[in-house]
Number of protein chains: 2
Amino acid sequence: MLGSRQITAAAPEPAPSEEIAVALARGILEHRLPPGARLSEDEVGELFGAGRTVVRAALARLAHQGLVTLRRNRGASVARPDPREAREVFEARALLEPRTAHFAARRAGPGWAAEMRARIAEEDRAMRAGDVGTAVYLSGQFHCAIAEAADQRTIAEMIVSLVARSSLVIALYWRRRDTLCECHAHHALVDAFAARDGARAEELMHGHLVDLLSGLDLREREAAPRSLRDLLGGGT
Amino acid sequence: MLGSRQITAAAPEPAPSEEIAVALARGILEHRLPPGARLSEDEVGELFGAGRTVVRAALARLAHQGLVTLRRNRGASVARPDPREAREVFEARALLEPRTAHFAARRAGPGWAAEMRARIAEEDRAMRAGDVGTAVYLSGQFHCAIAEAADQRTIAEMIVSLVARSSLVIALYWRRRDTLCECHAHHALVDAFAARDGARAEELMHGHLVDLLSGLDLREREAAPRSLRDLLGGGT
DNA sequence: CCTCCCGGCTTCGTATACGATTTTCGCCGC
DNA sequence: GCGGCGAAAATCGTATACGAAGCCGGGAGG
């Protein structure tokens, strides 16, 4: 009876400031908070009904993850990765995810493949509904699920962080938003998973990431920097 | 004239709480703060002459980096990676560092190779002086320098974090402390750098990391927890 | 008409104070 | 002698308050 709320499912405590961090992160990942949007501590605190201390902790966490930029005495804002960082994020993913996909494929069960297909279907649905933000978010979740399916928690953590940053990169540098052609790549990946073909999954993942990187227009960096104030007011 | 103290060298501000974080990190990396050592907020604050707020920020930063464990209402302590995490950290390094070494070798100049040789010499000196902590720290710095020499800041950041965690792993699971045989591997790596032989550097780095992982005794996990109490009491 | 300076306002950085939770140690009963 | 139990102490979590630094406007001078 002592300590009935032991570590049951990796989330025994509701997480005090983590909730705010994940809420903000989700907002960023769904492209509701565009890169460069200012995140006032008071504003966020009021929005979530929490004091500034916890908001600061959440912001620091996101800053360390690379999702927000924290400048001394100048406030926090959603990170705006420059083209170099954008390229580096995808190069890092190209270094990590193929091998991880390989591991995941070797450990994949039929139920897991079905679950992944359901994810893709949901992603497709969001895309058809015109909800690009949710589609991008679910697409990222797909990659994160692969990383977590492999036995590598440490690498999975890094991939989650990189995928989150990729969402920012996509918001800034993606060429054509209406044609999220990745769906085919994801389907092919799940096929490889279902067949437990590690080598093929690895190759597919690498090609997929290269495609994503080549789908960016990193020269457009100078063109995007305003219109943040409006979107901030409409948060939530 | 306006803003003469612009971003000059990536460190225009002395960093308020970051100083404490790096000081603590260095203490951990040099094995002066053993895994499991408790880090009281009041204690650290008194030690560095700072309030608890800034100490908390530093601790949160280190916790996110994986160097300290932060449990709710139970204080902070130096992280004690379990064997699984220990293995994963080195596997992640084996995934990242070889390719990074390849890039570094292609960008290496003769001056840089000389600098790296100086690092090895310093490491050797510390080892001969019996200062194992400093030797391990410098060994880690060697790997970090390679990562930073490559053009990949994002990957370099991840490697820095992994190397720091590796120091904890070494403190816990290293078999024979007196024979730090890695010096040969480091020398061979610098030779490859001087020759700008990327493929060889990549191969050497991979072998080096595999050697490091094989030099761990991950079965000892059960044998270690009895001595925590002593080190806890003797923390400083 | 443009430029420069200066005042106020907003926002962040840090310290302090109070409440909640955990730990620990002494005590009682078995 | 030993295990359970309760209160005190210590520690952490959060909120609030004060000080400082940056940003923006108006006004005067060239």
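Here is the naming used below: chain letters follow the sequence lines, and residue numbers restart at 1 for every chain. Fair warning: this is a prediction, and the values are worked out from it, not measured in the lab.
One can find a donor-acceptor pair under 3.5 Å joining the base of D:dG13 and the side-chain atoms of B:Arg52.
Here C:dT23 is the nucleotide among C:dT23, D:dG22, C:dC12 with the atom lying nearest to any side-chain atom of B:Arg74. Among the nucleotides C:dT16, C:dC12, D:dT14, the one closest to the side chain of A:Glu41 is C:dC12. Of all nucleotides listed (D:dT11, C:dG13, D:dT14), D:dT14 comes nearest to the side chain of A:Thr53. Among the nucleotides D:dA17, D:dT11, C:dA17, the one closest to any side-chain atom of B:Arg38 is D:dT11.
Across residues 54-66 of chain B, B:Val54 each have a non-hydrogen atom less than 4.0 Å from an atom of DNA chain C (numbered order).
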Given the rule in the side chain to side chain donor-acceptor pair (under 3.5 Å) test, do B:Arg93 and B:Ser166 qualify, once you have shown the distances and angles that lead to the verdict? CA-CA 9 Å; B:Arg93 289 183 63 177; B:Ser166 298; 2.8 Å; yes
Are A:Arg61 and A:Glu18 close enough, and set up right, to give a salt bridge (charged side-chain N to carboxylate O under 4.0 Å, His left out), and what steps lead you there? CA-CA 9 Å; A:Arg61 169 163 167 39; A:Glu18 207 79 352; 2.5 Å; yes
As a quick check of understanding, evaluate salt bridge (charged side-chain N to carboxylate O under 4.0 Å, His left out) for A:Glu91 and A:Arg87, giving each step before the final call. CA-CA 6 Å; A:Glu91 285 174 350; A:Arg87 181 176 44 80; 3.4 Å; yes
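With the nearest nucleotide of DNA chain C identified for both B:Ala50 and A:Ala76, A:Ala76 has the one nearer the 5' end. When the nearest nucleotides of DNA chain D are assigned to B:Gly75 and A:Gly49 by heavy-atom distance, the more 5′-ward of the two goes with B:Gly75.
For B:Glu19 and C:dG13, the CD to P distance is 16 Å, given to the nearest whole Å. Remark: P of D:dT16 and CD of A:Glu46 are 11 Å apart, rounded to the nearest angstrom. Per the geometry, CG belonging to A:Leu70 stands 6 Å off P belonging to C:dG13, to the nearest Å. We find that CD of B:Glu43 is positioned 14 Å from P of D:dA10, with the value rounded to whole Å. As rounded to whole Å, 5 Å separates atom C1' of D:dA21 from atom CG of A:Asn73. Between the CZ atom of A:Arg72 and the C1' atom of D:dA20 there is a distance of 10 Å, rounded to whole Å.
A heavy-atom distance below 4.5 Å is not found between the side chains of A:Val78 and A:Leu67.
Counted within 6.0 Å of CZ on B:Arg84, heavy atoms from surrounding residues, nucleotides or ligands total more than 12; the atom is thus considered enclosed.
We find the CE-CG distance between B:Met127 and B:Leu138 to be 10.0 Å, quoted to the nearest 0.5 Å.
Proximity of a side-chain donor or acceptor of A:Glu30 to a complementary backbone N or O of A:Tyr137 within less than 3.5 Å is not detected.
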